[in-house]
S.K.: 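Attaching a single structure in structure tokens format; questions to follow.
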Amino acid sequence: MKRISTAMVLILASATVALAHGSYVRRVPNGSAFSCNTCHTEKKFQDDFKNNGLKWNRALAIKDSDGDGASNGVELQDPGGTWRENNPDPKVPGWSTYNPDSRGSRPPYAPVEPTSMGRVKALFK
Ligand SMILES: [Ca+2]
């Protein structure tokens with residue numbers, strides 16, 4: 001009986017951890033696109049997400065966790081990091097969602113990063 005109880009505790013503990021981690025998917029924009037792989041592909045986005053207090057914001061959006069040349073915000077369609085939990089997922093017309101934790105998943109083009117938008121606008125003044 002004690003063996004079964006220990007096994008049950010371990011199963012419940014594992015399920016609780018999985019559910020807790022699954023809820024993180026809802027804390028980043030378009031997190032459902034890659035589900036758990038949003039953090040668990042190369043685990044670099046996971047590290048940045050943890051170091052950012054498990055929050056999505058501009059600081060995390062402008063990082064390029066997987067080092068593929070596209071910021072996390074560009075890959076998750078929220079380049080400025082303005083999306084907040086429980087809001088509808090952002091969709092940028094003409095863009096797709098890419099995995100911020102995979103170098104093999106990136107936009108085929110070089111979108112204009114929000115940090116350089118001011119410089120682009122200055123060219124047309
Ligand atoms: Ca990527």
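For ligands, and for the atoms within them, numbers begin at 1 and follow the listed sequence. Reckoned from all heavy atoms, side chains included, excluding hydrogens, waters and symmetry mates.
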S.K.: Backbone N or O of G81 within a donor-acceptor pair of the N57 side chain at under 3.5 Å?
M.R.: no
S.K.: Using residues 43-50 as the side-chain source, report each donor-acceptor pair under 3.5 Å to any protein atom, sequence neighbours left out, with the distance given to one decimal.
M.R.:
residue	atom	partner	partner atom	Å
Q46	OE1	H40	ND1	3.3
D48	OD2	S65	OG	2.5

S.K.: Any side-chain heavy atom of R106 within less than 4.5 Å of one from E75?
M.R.: yes
S.K.: Taking 3.0 Å as the upper limit, name the protein N, O or S atoms near the Ca ion (ligand 1).
M.R.: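 Hits for the Ca ion (ligand 1) below 3.0 Å: D66 OD2, D68 OD2, E75 OE1, E75 OE2, N99 O, S102 O, S105 O.
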S.K.: Quick check against the 3.5 Å criterion: does D78 have a side-chain atom that pairs as donor or acceptor with the backbone of P29?
M.R.: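 Checked: no pair found.
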S.K.: Within the 4.5 Å heavy-atom criterion, are Q77 and Y98 side-chain neighbours or not?
M.R.: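 They are not in contact (no side-chain heavy atoms under 4.5 Å apart), so the answer is no.
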S.K.: When you measure from the side chain of N30 to the backbone N and O of P90, does any donor-acceptor pair fall under 3.5 Å?
M.R.: yes
